[in-house]
Asks: 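Before anything else, here's the structure in question.
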Amino acid sequence: MLDLILDTEINLNGFVCLDEANYLIKQQECIGLAQTRFINGEISFADYCDILELCNVNIDQYLVTVENNLQVIGYS
């Protein structure tokens, strides 16, 4: 369940060239690996957020989304 709460997604607006698509896929793979390591207790939440920032995730917006996800399932 935690993986669903912490999930990220790629939002595309229009055409994406092959190089950009490959870059976005690599970013998502990195985020997925970081998420798995965080869920398994191998890295801290701060380290997880640092990795997300390195992958160009807007942390402020991401944390609002995580908080909303927690409210939807009744944990907040």
Side-chain angles (χ1 to χ4, degrees):
M1 167 113 31
L2 191 53
D3 57 335
L4 296 175
I5 295 167
L6 297 173
D7 208 11
T8 60
E9 59 185 36
I10 298 172
N11 294 313
L12 301 176
N13 297 322
F15 178 78
V16 177
C17 70
L18 184 58
D19 288 339
E20 186 176 358
N22 286 331
Y23 176 75
L24 292 171
I25 290 168
K26 291 294 182 190
Q27 277 185 315
Q28 199 64 23
E29 287 175 352
C30 181
I31 291 168
L33 290 171
Q35 180 179 327
T36 300
R37 292 191 67 202
F38 170 66
I39 290 171
N40 291 338
E42 298 169 15
I43 61 173
S44 69
F45 188 68
D47 289 340
Y48 174 64
C49 288
D50 287 343
I51 293 168
L52 293 181
E53 281 187 314
L54 290 172
C55 293
N56 297 320
V57 172
N58 180 323
I59 293 299
D60 293 331
Q61 184 178 6
Y62 175 74
L63 293 176
V64 168
T65 300
V66 169
E67 183 177 9
N68 289 338
N69 291 345
L70 287 168
Q71 288 175 351
V72 167
I73 63 168
Y75 279 110
S76 179

Asks: From Ile39 CD1 over to Gln35 CD, what is the distance, rounded to the nearest 0.5 angstrom?
Replies: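 With rounding to 0.5 Å, CD1 (Ile39) is 4.5 Å from CD (Gln35).
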
Asks: Just wondering, do Ile51 and Phe38 contact through their side chains at under 4.5 Å, heavy atoms?
Replies: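 A side-chain contact is absent here, since even the closest heavy-atom pair is not under 4.5 Å.
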
Asks: How about Tyr48 and Leu6: do any of their side-chain heavy atoms sit closer than 4.5 Å?
Replies: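 When only atoms from C-beta onward are counted, Leu6 and Tyr48 do touch, with a gap below 4.5 Å.
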
Asks: Look at the side-chain heavy atoms of Ile, Leu, Val, Met, Phe, Trp and Tyr, link any pair under 4.5 Å apart, and say whether Val57 and Leu33 land in one connected group.
Replies: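 Shared cluster, no.
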
Asks: For the residue pair Tyr62 and Thr8, what are the closest heavy atoms and their distance?
Replies: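 Shortest heavy-atom separation between Tyr62 and Thr8 comes out as CE1-CG2, 3.5 Å.
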
Asks: Counting N and O atoms only, with roles assigned by atom type, does the side chain of Asn40 sit under 3.5 Å from a partner on the main chain of Thr36, one being a donor and the other an acceptor?
Replies: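 Checking the backbone N and O of Thr36 against the side chain of Asn40, a donor-acceptor pair under 3.5 Å is found.
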
Asks: Hey, what do you get for CG (Asn68) to CG (Leu63), rounding to the nearest 0.5 Å?
Replies: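 Reported value, rounded in 0.5 Å steps: 11.0 Å.
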
Asks: Measuring from atom CG of Asp7 to atom CG of Asn69, what distance do you get when rounded to the nearest 0.5 angstrom?
Replies: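 Rounded to the nearest 0.5 Å, the CG-CG separation comes out at 8.5 Å.
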
Asks: With rounding to the nearest 0.5 angstrom, report the CG to CG distance, Asn58 to Leu52.
Replies: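 Reported value, rounded in 0.5 Å steps: 11.0 Å.
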
Asks: With rounding to the nearest 0.5 angstrom, report the SG to CD1 distance, Cys30 to Ile25.
Replies: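 Those atoms lie 14.0 Å apart.
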
Asks: Find out if a path of hydrophobic residues (ILVMFWY) with successive side-chain heavy-atom gaps under 4.5 Å connects Ile10 to Ile31.
Replies: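 Ile10 does not cluster with Ile31.
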
Asks: Drop me the distance from Asp60's CG to Cys49's SG, to the nearest 0.5 angstrom.
Replies: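 SG of Cys49 is found 10.0 Å from CG of Asp60.
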
Asks: Linking I/L/V/M/F/W/Y whenever any side-chain heavy atoms sit under 4.5 Å apart, do Ile59 and Leu24 land together?
Replies: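 Each belongs to a different hydrophobic cluster.
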
Asks: Check the hydrophobic clustering (I, L, V, M, F, W, Y; side-chain heavy atoms under 4.5 Å; chains of links allowed) and say if Phe45 and Ile43 are grouped together.
Replies: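 Yes, Phe45 and Ile43 fall within the same hydrophobic cluster.
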
Asks: Is there side-chain contact between Asn56 and Tyr23, with heavy atoms separated by less than 4.5 Å?
Replies: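 Touching, per the 4.5 Å side-chain cut-off.
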
